[in-house]
Number of protein chains: 2
Amino acid sequence: MNLESNMINDEQAVEIFKALSNQIRVNILQMLKEPDNNFSPQAHVIKEKDFDGGVCVSDIRSKVGLSQSTTSQYLSLLLQSGLVEMKRIGQWTYYRRNEETIKQFEKYIGLKI
Amino acid sequence: MNLESNMINDEQAVEIFKALSNQIRVNILQMLKEPDNNFSPQAHVIKEKDFDGGVCVSDIRSKVGLSQSTTSQYLSLLLQSGLVEMKRIGQWTYYRRNEETIKQFEKYIGLKI
DNA sequence: AAATAATATAGAGATATCGCAAATTATCAA
DNA sequence: TTGATAATTTGCGATATCTCTATATTATTT
């Protein structure tokens with residue numbers, strides 16, 4: 001598998017720009033950089049290697065102060081753009097950053113913008 | 001003057017993301033990377049060191065295929081975000097990339113996103 | 001099977017963006 | 001000063017985004 005061939009294209013880049021064109025969504029992505037520091041101690045932050053760093057929707061919701069549905073929609077928008085990944089475990093849905101996409105996005109900015 | 005202190009803040013970054021959340025505006029920024037290759041030979045591309053690489057609105061308009069007013073609005077949106085700079089010379093308004101902002105934006109992505 | 005909890009989806013009103021045509025402003029040339 | 005050219009601003013209908021409440025779905029617990 002060629003690890004250097006994952007460069008995103010213009011279309012996907014625009015989807016990412018849209019996802020980031022909202023301060024709260026940027027904040028969510030930033031919070032997820034350090035879940036242990038940015039969420040309450042009793043938050044559901046996954047520790048297992050399985051989906052390490054994943055945070056559940058309601059914990060994100062209580063940080064951003066939006067309604068449950070808006071939080072959910074913002075997260076699925078971030079998911080569609082590829083900036084985060086998601087895993088459902090039981091009744092919880094965990095979201096965490098997709099560092100691979102973020103790295104390719106950075107690369108795109110440097111080369112194409 | 002401290003050249004390392006120009007890092008953009010979250011708010012300005014969101015303005016840049018908004019400016020880039022449209023394929024045509026991304027195209028404009030990309031075209032302006034190499035004006036000589038991307039515009040017609042008779043286009044008004046500034047050569048003087050004064051505002052080297054600046055391209056006038058009507059030449060940009062004929063490349064992107066939008067109306068004159070939309071092109072003008074898109075360019076002033078890019079201007080507000082800081083991604084381009086502008087200079088009026090006679091009856092023409094020239095736009096070119098603001099490489100300093102773009103560099104700081106790249107840096108922002110790497111550090112803050 | 002029913003109640004509870006977490007999340008997603010649907011529906012809606014307010015606001016913003018998209019992109020055009022028309023009107024206005026600015027500059028130049030005759 | 002009149003006319004032509006370049007660009008900006010204004011006004012508008014169409015579409016998209018924002019963010020909520022209400023409802024549906026999925027999973028757990030009793």
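Residue numbers begin at 1 in each chain, while the letters A, B, ... track the order of the sequences.
Atom P of nucleotide dT8(D) and atom CG of Leu66(B) are separated by 14 Å, given to the nearest angstrom. The interatomic distance linking Tyr94(A) (OH) with dA8(C) (C1') rounds to 17 Å, in whole Å. In this structure, Trp92(B) places its CH2 atom 17 Å from C1' of dT25(C), rounding to the nearest Å. If you measure from atom CG of Leu20(A) to atom P of dC18(D), you get 12 Å, rounded to the nearest angstrom. The CG atom of Leu79(B) sits 14 Å away from the P atom of dA7(D) (whole-angstrom rounding). Between the C1' atom of dA6(D) and the CD1 atom of Ile46(B) lies a distance of 14 Å, rounded to the nearest Å. Regarding Leu77(B), its CG atom lies at a distance of 16 Å from the C1' atom of dA7(D), rounded to whole Å. Summarising the geometry, the separation between CG on Leu75(B) and C1' on dT9(D) is reported as 15 Å, rounded to the nearest angstrom.
A salt bridge is absent between Asp52(A) and Arg96(A); no separation between the charged side-chain nitrogens and carboxylate oxygens falls under 4.0 Å. The pair Glu100(A)-Lys103(A) counts as a salt bridge, with a side-chain nitrogen and a carboxylate oxygen less than 4.0 angstrom apart.
Of the N and O atoms on the side chains of Ser72(A) and Ser69(A), not one donor lies less than 3.5 Å from an acceptor on the other residue.
Each of dT17(C), dA8(C), dT5(D) was ranked by its minimum atom distance to the side chain of Met86(A); first place goes to dA8(C). For Arg88(A), whose side chain is taken as the heavy atoms from C-beta onward, the closest listed nucleotide among dT19(D), dT27(C), dA8(C) is dA8(C). Of the candidate nucleotides dA6(D), dG19(C), dT7(C), dG19(C) has the atom nearest to the side chain of Ile24(B). Residue Gln73(B) has its side chain nearest to dG11(D) when only dT19(D), dG11(D), dA6(D) are considered. Closest to the Gln91(A) side chain, of the nucleotides dT9(C), dA7(D), dA27(D), is dA27(D).
Using a 4.0 Å heavy-atom cutoff across all strands shown, Thr93(B) reaches sugar-phosphate atoms only and no base atom. At a threshold of 4.0 angstrom between heavy atoms, the contacts of Tyr95(A) are confined to the sugar-phosphate backbone, with no base atom among them. The residue Arg61(B) sits apart from the nucleic acid: no heavy atom pair falls under 4.0 Å.
Where Ser67(A) and Thr71(B) each meet DNA chain D at their nearest nucleotide, the meeting point lying more 5' is that of Thr71(B). For the pair Thr70(B) and His44(B), both in contact range of DNA chain D, the more 5′-proximal nearest nucleotide belongs to His44(B).
Panel note: side chain Thr101(A), backbone Gly82(A); a donor-acceptor pair is recorded below 3.5 Å. Side chain of Arg97(A) to main chain of Gln30(A): no donor-acceptor pair is present (N/O by atom type, distance under 3.5 Å, no hydrogens or angles).
Side-chain N/O atoms of Asn22(A) include one lying less than 4.0 angstrom from OP1 or OP2 on dC18(D). Side-chain N/O atoms of Tyr74(A) include one lying less than 4.0 angstrom from OP1 or OP2 on dT19(D).
Considering CD1 of Ile102(A) and NZ of Lys107(A), their distance stands at 15.5 Å, rounded to 0.5 Å. How far CD of Gln80(A) is from CD of Gln12(A): 11.5 Å, rounded to the nearest 0.5 Å.
If one axis is set at each end of the helix from dA1(C)-dT30(D) to dA30(C)-dT1(D) from five pairs, those axes are 10° apart, to 10°.
With hydrogens and angles left out, the side chain of Ser69(A) and the base of dT21(D) share a donor-acceptor pair within 3.5 Å.
Every side-chain contact (heavy atoms from CB on, under 4.5 Å) that Gln23(A) has, sequence neighbours left out, goes to Val26(A), Asn27(A), Asp10(B), Val14(B).
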